[in-house]
Number of protein chains: 2
Amino acid sequence: MAEGGGAASPGGESLLFLTDEQLRKGIEAMFFAYRGFTADPDRILETRGYGRAHHRAIHFINRQQGQTVNTLLAMLGVTKQSLNRVLRTLIEDGLVESRVGRKDKRERHLFLTEDGKALERSLSEAQRVRMRAAYRAAGPAAVAGFRQVLEAMMDPDLRRHYQAMKDSGT
Amino acid sequence: MAEGGGAASPGGESLLFLTDEQLRKGIEAMFFAYRGFTADPDRILETRGYGRAHHRAIHFINRQQGQTVNTLLAMLGVTKQSLNRVLRTLIEDGLVESRVGRKDKRERHLFLTEDGKALERSLSEAQRVRMRAAYRAAGPAAVAGFRQVLEAMMDPDLRRHYQAMKDSGT
DNA sequence: TTGGAAAGTCAACAAGGCTGACTTAAAACA
DNA sequence: TGTTTTAAGTCAGCCTTGTTGACTTTCCAA
């Protein structure tokens with residue numbers, strides 16, 4: 001479990017872990033971990049004929065019920081046309097509801113229906129199970145470090161999105 | 001910078017960080033960080049008409065020069081047909097060389113050419129720059145935790161691949 | 001000598017990105 | 001009031017990268 005490459009940093013702020021070799025290991029860790037991270041929801045989505053794009057839409061609509069299409073677009077970083085294709089099927093299937101804005105009638109506000117919430121729960125629970133196991137295996141200190149490094153790795157725009165929804169406790 | 005959710009764990013193995021809210025933040029961190037993680041190489045690839053699939057192939061061929069197609073397949077987790085399409089263009093473009101096996105002539109052993117190595121270096125250097133910055137910002141302890149959690153998040157098969165190439169110092 | 005493994009190829013298909021062009025409705029502005 | 005801008009949605013077409021299925025060639029090993 002202990003790191004092999006002298007990351008312990010007994011006294012000072014050791015720079016040993018910044019060798020290209022250590023960085024490459026970090027890169028590969030991201031690659032392999034991301035595969036594990038998406039594997040469980042992918043299996044659930046497949047049974048219903050959905051893909052990751054649907055998962056992302058569902059996740060962020062749940063995250064902030066009532067948000068507009070434009071907000072969601074900025075979050076996902078895809079084109080309107082790309083999102084629309086996904087959104088249309090979710091609305092047709094009764095998982096998402098699109099309501100005309102009251103103040104600004106051009107806007108559409110997006111909500112998960114009960115069915116949509118149910119799917120969201122099963123997807124995020126699958127992901128949480130793995131996350132929980134990884135957290136338990138690594139321990140509390142590791143979790144804090146994990147989050148710090150990931151946050152530092154984000155593009156500034158995305159980091160703002162991430163931090164913005166930091167404490168909005170659903 | 002310090003975690004808000006009581007991850008400090010003053011005495012025992014606090015379980016406070018395992019709330020659904022904390023887990024959800026970890027999930028979103030993975031999502032946003034992965035975007036940042038791939039952004040820089042993606043820009044380089046685009047200029048040459050390649051995609052992420054090419055990057056992955058190049059990365060792992062460089063990782064273990066001379067490996068067979070089957071080995072690479074297991075690493076990447078895609079179908080032979082999918083890999084072949086990518087591999088063919090890389091060979092045509094002179095970035096990858098495929099040599100018939102000497103012992104077993106059915107096998108093809110894959111190597112990066114000088115051009116291939118050059119592209120690999122520019123891709124991985126772009127990724128390392130970001131990684132290095134994130135590591136510096138987060139500090140040594142955070143990096144160890146980051147790696148621990150990611151490793152625990154991998155599927156067992158992938159984890160074995162990851163660990164297998166742990167200390168093969170290029 | 002024959003069975004099966006390794007590699008490669010062709011065809012067809014799907015998801016999910018993209019661009020560009022265009023419409024509709026409504027808000028904002030001059 | 002009339003014009004411009006914005007939000008959303010749609011149509012068409014393209015690309016990458018994944019999939020299955022069927023098939024061939026090569027060649028090792030039982």
Side-chain angles (χ1 to χ4, degrees), chain A residues 31 34-35 38-39 41-61 66-93 96-111, chain B residues 31 34-35 38-39 41-61 66-93 96-111:
Chain A
F31 173 69
Y34 199 77
R35 295 251 298 270
T38 55
D42 280 357
R43 269 187 290 272
I44 296 171
L45 291 158
E46 203 183 356
T47 69
R48 323 214 0 177
Y50 293 139
R52 253 178 234 179
H54 299 84
H55 185 187
R56 291 195 280 263
I58 288 171
H59 175 95
F60 284 109
I61 293 171
Q67 77 185 290
T68 65
V69 173
N70 252 359
T71 314
L72 184 55
L73 236 31
M75 208 72 87
L76 295 173
V78 296
T79 59
K80 182 177 55 163
Q81 295 90 329
S82 204
L83 174 59
N84 214 258
R85 182 166 35 197
V86 163
L87 222 40
R88 205 185 316 154
T89 73
L90 290 174
I91 291 169
E92 279 167 9
D93 295 352
V96 168
E97 197 190 333
S98 165
R99 297 185 205 151
V100 171
R102 282 195 311 169
K103 208 185 132 190
D104 185 337
K105 291 176 193 161
R106 290 170 306 180
E107 294 180 340
R108 299 293 135 74
H109 298 270
L110 302 170
F111 298 85
Chain B
F31 174 70
Y34 199 77
R35 296 251 298 270
T38 54
D42 279 357
R43 269 186 290 273
I44 296 170
L45 291 158
E46 202 183 356
T47 69
R48 322 213 4 176
Y50 294 140
R52 253 178 234 178
H54 300 84
H55 184 185
R56 290 195 281 263
I58 287 170
H59 175 95
F60 285 109
I61 293 172
Q67 76 185 288
T68 65
V69 172
N70 251 2
T71 314
L72 184 55
L73 237 30
M75 209 71 88
L76 295 173
V78 297
T79 59
K80 183 175 54 163
Q81 294 89 331
S82 202
L83 174 59
N84 214 258
R85 181 165 36 199
V86 164
L87 224 38
R88 206 185 317 152
T89 73
L90 291 176
I91 291 169
E92 279 167 8
D93 295 352
V96 168
E97 197 190 333
S98 164
R99 297 187 204 149
V100 172
R102 281 195 311 168
K103 207 186 133 191
D104 184 338
K105 291 175 193 164
R106 291 168 305 181
E107 294 180 342
R108 298 295 185 282
H109 297 268
L110 302 169
F111 299 85

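Atom set for the values below is all heavy atoms of this structure, side chains included, hydrogens, waters and symmetry mates excluded. The sequence lines fix the lettering, A, B, ..., with proteins before strands; numbering per chain opens at 1.
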Taking the nucleotide of DNA chain C with the nearest heavy atom to each, does A:Ala53 or B:Thr68 sit closer to the 5' end? B:Thr68
Expressed as a whole number of angstroms, how long is the span from B:Leu83:CG to C:dC10:P? 16 Å
Rounded to whole Å, please give me the gap between CG in A:Leu110 and P in D:dA7. 14 Å
For the CD1 atom of B:Ile58 and the NE2 atom of B:His55, what is their distance to the nearest 0.5 Å? 7.5 Å
Provide, to the nearest angstrom, the distance between the NE2 atom belonging to A:His55 and the P atom belonging to C:dG17. 13 Å
Figure out the CD/C1' separation between A:Glu92 and D:dG9, and round it to whole Å. 13 Å
Nearest heavy atoms of A:Leu76 and B:Arg35, plus distance in Å: O-NH1, 3.3 Å
Name the residue closer to the 5' end of DNA chain C, choosing between A:Val86 and B:Leu87 according to the nucleotide with the nearest heavy atom. B:Leu87
Ignoring hydrogens and angles, answer whether the base of C:dG17 and the side-chain atoms of B:Arg52 contain a donor-acceptor pair closer than 3.5 Å. no
Quick one: label A:Arg88 by what it contacts on the DNA or RNA (base, sugar-phosphate, nothing), any heavy atom closer than 4.0 Å. sugar-phosphate
Of all heavy-atom pairs between A:Gly101 and A:His109, which one has the smallest distance, and what is that distance? CA-CD2, 3.3 Å
A:Leu76 CG to C:dG16 C1': how many Å, rounded? 12 Å
note: A:Ile91, atom CD1; D:dT10, atom C1'; distance rounded to Å ~ 13 Å
Between A:Asp42 (CG) and C:dG16 (C1'), how many Å, whole number? 13 Å
Check if the side chain of A:Arg56 and the base of C:dG16 share a donor-acceptor pair of N or O atoms closer than 3.5 Å. no
Heavy atoms under 4.0 Å is the rule here; annotate nucleotides 21-30 of chain D 5' to 3' with B where the base is hit, S where only the sugar-phosphate is, and - elsewhere. BB---BBS--
Assign each of A:Asn84 and A:Glu107 the nucleotide of DNA chain D bearing its closest heavy atom; nearer the 5' end lies the nucleotide of A:Glu107
Checking all strands, does A:His109 fall into the base, sugar-phosphate, or nothing category for heavy-atom contacts under 4.0 angstrom? nothing
Side chains of A:Arg108 and A:Val100: closer than 4.5 Å at any heavy-atom pair? yes
What is the separation between atom CZ on B:Arg85 and atom P on D:dC15, rounded to the nearest whole Å? 13 Å
Nearest-neighbour nucleotide for the A:Thr79 side chain, C:dG17, C:dT19, C:dA7 considered: C:dT19
Can a cation-pi geometry be assigned to B:Arg99 and B:Phe111, taking NZ or CZ under 6.0 Å from the six-membered ring centre and within 45° of the ring axis? yes
Any side-chain heavy-atom pair of A:Leu110 and A:Glu97 under 4.5 Å: no
C:dG16 phosphate, OP1 or OP2: any side-chain N/O from A:His54 under 4.0 angstrom? yes
Does a side-chain N or O of B:Asn70 approach OP1 or OP2 of C:dA5 to a distance below 4.0 Å, or not? no
Heavy atoms, side chains only, cut-off 4.5 Å: are B:Phe60 and B:Thr71 in contact? no
If every non-hydrogen atom of A:Leu45 is compared with every non-hydrogen atom of A:Gly51, which pair is closest and at what distance? CD1-O, 3.6 Å
